[in-house]
Trainee: 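Supplied in structure tokens, the structure appears directly below.
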Number of protein chains: 2
Amino acid sequence: MKPSFEDLMHELVIRKIRPSHQRIKILEYLMEHPCHPTVDQIFNDLQKEIPTLSKSTVYNTLTSFMEAQLVRVITIEENETRYDIITHNHGHFKCDSCGAIYDFKINIDDFTAGELSGFQIYDKNVYFKGICPKCLYK
Amino acid sequence: MKPSFEDLMHELVIRKIRPSHQRIKILEYLMEHPCHPTVDQIFNDLQKEIPTLSKSTVYNTLTSFMEAQLVRVITIEENETRYDIITHNHGHFKCDSCGAIYDFKINIDDFTAGELSGFQIYDKNVYFKGICPKCLYK
DNA sequence: TTCAAAATTATAATCATTACAAATATAAAA
DNA sequence: TTTTATATTTGTAATGATTATAATTTTGAA
């Protein structure tokens, strides 16, 4: 279940991140674009609304959000860092042909490794690579 | 089961990658250091044996090996690309305190997502983050 | 041995990210 | 409301990993 905008605002307040104009817009953008945008996509799109926006602000804000565990970083491919509003129990599939990233449900908590008893695990990630149906059948 | 050096040489030949001195040394290094080395680690260590070694060669070679599916890239953290001799069915745990990366056995093939029927999957990755026991109890 | 193709090397270029300092905005106190 | 201190934003410069390029060297076949 996707968190509401109010939930996220609440998260910002709880975590003592001041809800500045830029931060709100970036958070809103991430919610409305759960397509794993890159920094450039976020920056280019938001610059239309906020002409004075600086790319530094996008980086700063994403770093704050990451520290607050509001977003996670996906680095399936090097030099292609993408950001994702955190929702639990989903994996990522990257199509090597068209580059699209798909979410899929997966019960990550089922993956417990006996070897890791004694380890404190606070983040589990699963990603697959391959070719998506659109590219396969055309 | 770890592939033997002969197996890997055989892989090179099959895949039409000429077994040059540098390539053999890099392959050997990766086998003897299954600790997910970075490019710098590989370069610095091998430079002692091969003083004329160039970092470009390390990059070129790793790219060839990746295309030949002999190694895989792990990018748990951005700006920290690591290389790993491919062995199936293991995940990676990265300790956020000391930075060490641990392998653990996991039956990745069990992770099938119904949503991905119709997708051609050829690479499955699992990585966890957290704190390792060494850092927890000190 | 000779020759053409491939690999290696050194250097320069690229590009995403980070660092920094000045300008601006914010919130609380007076 | 005005003042003041603090946090945020901005633009620019610096960093650093990776890639591109061209010259040199090595390799393997004829």
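No hydrogens, no waters, no symmetry mates; every other heavy atom, side chains included, goes into these values. Every chain is numbered from 1, with letters handed out A, B, ... down the list of sequences. Quantities reported herein were computed from a predicted structural model and do not represent experimental measurements.
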Trainee: Using atom NZ of B:Lys55 as one end and atom P of C:dA12 as the other, report the distance to the nearest whole Å.
Mentor: 16 Å

Trainee: Measuring from the side chain of A:Arg23 (C-beta onward, heavy atoms only), which nucleotide among C:dT9, D:dT10, D:dT8 has the closest atom?
Mentor: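 Closest nucleotide to the A:Arg23 side chain: D:dT8.
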
Trainee: Rounded to whole Å, please give me the gap between CZ in B:Arg82 and P in D:dT18.
Mentor: 12 Å

Trainee: Quick one: A:Lys16 NZ to C:dA28 P, roughly how many Å, whole number?
Mentor: 13 Å

Trainee: Could you state the atom-to-atom distance from CG of A:Leu12 to P of D:dA7 in whole Å?
Mentor: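 After rounding, the gap between these two atoms is 17 Å.
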
Trainee: Hey, does A:Tyr83 have a side-chain heavy atom less than 4.5 Å from the side chain of A:Val73?
Mentor: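 Yes, at least one pair of side-chain atoms sits under 4.5 Å.
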
Trainee: Is the closest side-chain heavy-atom distance between A:Phe65 and A:Ile26 below 4.5 Å?
Mentor: yes

Trainee: Which value, rounded to the nearest 0.5 Å, describes the distance between A:Leu70 atom CG and A:Ile17 atom CD1?
Mentor: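 Spacing of CG (A:Leu70) from CD1 (A:Ile17) equals 6.0 Å.
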
Trainee: Quiz question: by atom type and distance under 3.5 Å, do the side chains of A:His92 and A:Asn125 form a donor-acceptor pair?
Mentor: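 No, A:Asn125 and A:His92 have no side-chain donor paired with an acceptor closer than 3.5 Å.
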
Trainee: Less than 4.0 angstrom from a charged side-chain N to a carboxylate O is my criterion; do A:Asp123 and A:Arg72 meet it?
Mentor: yes

Trainee: Write down the distance between CG (B:Leu62) and C1' (D:dT19), rounded to a whole number of angstrom.
Mentor: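 Spelled out: CG on B:Leu62 to C1' on D:dT19 is 14 Å.
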
Trainee: For A:Glu67 and C:dT18, give me the distance from atom CD to atom P, rounded to whole Å.
Mentor: 11 Å

Trainee: OP1 or OP2 of C:dT9 sitting under 4.0 Å from any side-chain N/O of B:Gln22?
Mentor: yes

Trainee: Under a 4.5 Å cut-off applied to non-hydrogen side-chain atoms, are A:Cys98 and A:Cys132 in contact?
Mentor: yes

Trainee: If we count only N and O atoms by modelled type, under 3.5 Å, do the side chains of B:Asp45 and B:His33 hold a donor and an acceptor together?
Mentor: no

Trainee: Spell out protein contact along nucleotides 21-30 of chain D as letters: B when the base is contacted, S when just the sugar-phosphate is, - when no protein heavy atom is under 4.0 Å; keep the 5' to 3' order.
Mentor: ----------

Trainee: Tell me which residues in residues 38-48 of chain A lie within less than 4.0 Å of DNA chain C, going by non-hydrogen atoms.
Mentor: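 By residue number: none to list.
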
Trainee: Without decimals, in angstroms, what is the distance between A:Ile24 CD1 and D:dT9 C1'?
Mentor: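 That distance rounds to 15 Å.
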
Trainee: Would you kindly give the OH-to-P distance between B:Tyr59 and D:dG16, to the nearest whole Å?
Mentor: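 Answer to the nearest Å: 13 Å.
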
Trainee: Please confirm whether the shortest side-chain N or O distance from B:Ser54 to OP1 or OP2 of C:dT8 is below 4.0 Å.
Mentor: no

Trainee: Do the side chains of A:Phe43 and A:Leu53 get nearer than 4.5 Å, heavy atoms only?
Mentor: yes

Trainee: From the options A:Phe93, A:Phe128, A:Tyr127, select the one residue that forms a ring-ring contact (aromatic ring centres under 6.0 Å, His included) with A:Phe104.
Mentor: A:Phe128

Trainee: Between D:dT18, C:dT17, C:dT8, spot the one nearest the side chain of B:Thr81, thanks.
Mentor: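 Within the option list, the nearest is D:dT18.
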
